[in-house]
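Input: a single structure, listed below in C-alpha cells.
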Amino acid sequence: MSAPTDTEAPQQPDPKHKFTFPSALTVLVIVTIAVWVLAFLIPSGQYDRDDSGAPVQGTYHRVDSGQSFVDRLNDLFLSPVNGLYGILDPKTSLVAPDNTGDLYGSAGVFLFVLAIGAFITVVFATGALDRGIGRLAHRLRHRGALLIAGVMVVFSVLGTVEGFAEETLGFYGLIVPLMLALGYDRMTAVGAIILGAGVGVMCSTVNPFATGVASSAADISLGDGIVLRFIMWIVLTAVTVTYVIRYAKRVQKDPERSLSGFLPGDRDQEEAEAHAVEVPELTGLHKAVLTVTALVFAFMIFSVVPWSSALSGKADATPYGFELGWSFPELAALFLVAAVLVGVVAHLGEQKLSSTIVQGAADFISPALVILLARGVTVIMNNSKITDTVLHSIEGVVKGTSSGIFAIIVFVVNLPLAFLIPSTSGHATLAMPILAPLADFAGVSRAVVVTAWQAASGWMNLWVPTTAVTIGGVALAKVGYDKYLRFIWPLLAILFVLICGFVAAGAAWT
C-alpha cells in the first residue's frame, strides 16, 4: 500500500484509512500472545488420564506448571515450530521439537492441505471444472428454476467435499446475466452462488479444510459421523435451494418485490441475453479430467469411512476386510498422485504440471500456516498446564445437561468464535482440543462435536462481512450488503433451528 501524499484532500474520508478486519494469520498471532499472557494468570491444573490418554471426568486437580519465565518465553518463540512438528514427551507431557515421543504438531495436516491445494489447482488449470459448470448454466438458461437448482446443487457438492467457496467468485460474470435474462434479479444470482456453496461447506461431509482439520484435532477419523453430516447436507441443501427458488419466482412474477432492485439495463431481456454467450462444448479431455476428479473424491470418501460402524451403528464394530482406514498421510499421498494423474490426462506437460503443483501448494500455504499457528497456541496451553483448567471451567457449565442440549451449546458457543476467527482451519485447531474431551464427559460422540462446530463456522460464514466470499460476491453482483442481509436473515433463522435439531438428534443417536 503506497503512503498518502500531502496534497489537498477532499473532505470525505480516505478509503485507504478505512478499517479492515485483520487476516486469520494476524488474528492468530494476536491470540498466541494473548494466550501466552493469560497463562501467567490462569491456574495450572490437570486431569488424570486413562489408557488412551483421554481425561477422566471428576479428577481435575491443581498442579505446578514447573515453568520459569525463560521456559515460557521459549514456548512463545517456538510456538510455530512446535505447531508444525512439536513432539509430546510421554513422561513430562511437555511439547518441544527435540523431544522423543508422539507427534503433537500438525505436520500431517499441514502437508495434506498443501497436497490438496496442488490437486485443486491442477484441476482448475485444465479448465475442465470451469467449463463444466459454464456448460451446465448455459444449457439450463431457459429453465429458470432448474438452472438455480442445478447451479446450487453443483456448488453444494463441491463445498461439502472440498470446501468450494472463494472459487465461486469467478462465476458471477456468467450467472448474473443469465438470471437477469430469465426475469430474475441480481439477488437471485447472489443467493444461488453464495448460498449454494455455503450450505455445502456448512454441511461438510469430507471437506478437508473443515471436517478434516477438525477431525484431526479431535483425534477421530475423517469418516466418523459422515452419515449424520450426509443426511444434514441433503436436507439443508434442499431447504436452501427451495428458499432461493421461491424468492426468484416471486421477483419474476412481481419485479417490485425485488430486494436488490434493478440497475439500468437489467430489465432489458435482449441485452442480458446477449451477455450469455455460448460456452464451448466439453472436450473429451475435459470429460476425462472431470471423471478422474470425481473418482478421486469418491475414493477418498471410501478410504476414510469406517464402514462397519456406519452400517451397523456400533462405534466399536469390527472393521470389514475392505476398509482402508486411511488418514492424513495416505490422503496427502493420494492427492499428490492424483494431481500428477490429472496433469498427465490433461496433457499439461512436465514443466507446466510441475509449476502448477508448486503454485497450488504455494496458494494454499496460508491455510496451512493458520493450522500450525493455531496448533502452536495449544502447545503454549499444554506446556503451561492450563488446557485442563479451561476444560474444567467449561465442564462446570455443561455438567448435568442432556446430550442434545450439550450439542446445541457447542453449536452456539462456536458462533462468536467463528466471527473472530473466520478461518475454519484455525478455528478448528484452536477449539477441538477443548471441545473433544468435553464430548467424552457428556457421553457424546466426538463426531457430533465436529458436526456442531463446522455448522457454526459455516452458518456464520454465510453472512459475516469478514469473508471475501460474501463481501466479494455482493460487490461483483452489484448488490448492497445491507440488502443481502435482508434477503438472507429468514433463511439463517430456519437453518439455525434445523442445525440445532440435527446436532441434538445426532447426540441422542450416538
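Pairing each heavy atom of A507 with each of A407, the nearest pair is CB-CB, 3.8 Å. Nearest heavy atoms, L236 versus T240: O-OG1, 2.8 Å.
Under the side-chain hydrogen bond (donor to acceptor under 3.5 Å, both in side chains) criterion, R186 pairs with D266, sequence neighbours left out. Remark: T356 pairs with no residue by the side-chain hydrogen bond (donor to acceptor under 3.5 Å, both in side chains) rule, at least two apart or across chains. Residues passing the side-chain hydrogen bond (donor to acceptor under 3.5 Å, both in side chains) test with Y104: none are found, sequence neighbours excluded. In terms of the side-chain hydrogen bond (donor to acceptor under 3.5 Å, both in side chains) criterion, S79 has no residue partners (sequence neighbours excluded). Residues that satisfy the salt bridge (Lys or Arg N to Asp or Glu O under 4.0 Å) test with D388, not counting sequence neighbours, are R49.
With S215 contributing its side chain and I220 its backbone, the two residues share no donor-acceptor pair below 3.5 Å. For S216 (side chain) and V213 (main-chain N/O), no donor-acceptor pair under 3.5 Å exists by modelled atom type. Remark: side-chain polar atoms of N382 are not paired, donor with acceptor, to backbone N or O of T378 under 3.5 angstrom. A donor-acceptor pair is defined here as one N or O able to donate and one able to accept, closer than 3.5 Å; no such pair exists between the side chain of S384 and the backbone of S44. Q252 contributes a side-chain N or O that, together with a main-chain N or O of L182, makes up a donor-acceptor pair within less than 3.5 Å.
Ring centroids of F209 and F364 are separated by less than 6.0 Å, placing the two rings close together. Here the two rings, on Y184 and Y247, have centers that are 6.0 Å apart or farther.
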Please list every donor-acceptor pair under 3.5 Å in which a side-chain atom of residues 484-495 meets a protein atom from a residue at least two apart or in another chain.
from: Y484; atom 1: OH; to: L462; atom 2: O; distance (Å): 2.7

Name every donor-acceptor pair, under 3.5 Å, that has one atom in a side chain of residues 114-121 and the other anywhere in the protein, sequence neighbours excluded.
from: T121; atom 1: OG1; to: G117; atom 2: O; distance (Å): 2.7

Quiz: residues 475-483 side-chain donor-acceptor pairs under 3.5 angstrom, not counting sequence neighbours:
from: Y481; atom 1: OH; to: W463; atom 2: O; distance (Å): 2.5

Under 3.5 Å, which donor-acceptor pairs do the side chains of residues 192-200 form with other protein atoms, sequence neighbours left out?
none

List, one per line, each side-chain donor-acceptor pair under 3.5 Å for residues 31-40, sequence neighbours excluded.
from: T32; atom 1: OG1; to: L28; atom 2: O; distance (Å): 2.7
from: W36; atom 1: NE1; to: R72; atom 2: O; distance (Å): 2.7

Report all side-chain donor-acceptor pairs from residues 145-159 shorter than 3.5 Å, counting only partners two or more places apart or in another chain.
from: S156; atom 1: OG; to: W233; atom 2: NE1; distance (Å): 2.6
from: S156; atom 1: OG; to: T237; atom 2: OG1; distance (Å): 3.0

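Put simply, CE on M300 and CZ on F335 are 4.5 Å apart, with the number rounded to the nearest 0.5 Å. The CZ atom of F502 sits 13.5 Å away from the CZ atom of R229 when rounded to the nearest 0.5 Å. Rounded to the nearest 0.5 angstrom, I234 CD1 and C203 SG are separated by 10.5 Å. Here NE2 of H427 is found 7.0 Å from CE of M432. Values are rounded to the nearest 0.5 Å. One finds the CZ atom of F297 at 8.5 Å from the CD1 atom of I301 (value rounded to the nearest 0.5 Å). Here T424 contributes atom OG1 and M202 contributes atom CE; the two are 14.0 Å apart, rounded to the nearest 0.5 Å.
Side-chain contact between L25 and S366 is present, with at least one heavy-atom pair separated by less than 4.5 Å. Counting heavy atoms from C-beta on, the side chains of V464 and W459 never come closer than 4.5 Å.
Counting non-hydrogen atoms of neighbouring residues, nucleotides and ligands closer than 6.0 angstrom, the CZ atom of F230 reaches no more than 12 such neighbours.
Listed by first and then second residue, the salt bridge (Lys or Arg N to Asp or Glu O under 4.0 Å) pairs involving residues 436-448 are D440-R446 (not counting sequence neighbours).
Y60 and T389 form a side-chain donor-acceptor contact under 3.5 Å, judged by distance and modelled atom types alone.
Using cut-offs of 30° and 60° on the angle between ring planes, the pair F441 and Y47 is tilted.
Applying the side-chain hydrogen bond (donor to acceptor under 3.5 Å, both in side chains) test between T205 and each of T451, T160, T211 identifies T160 as the sole match.
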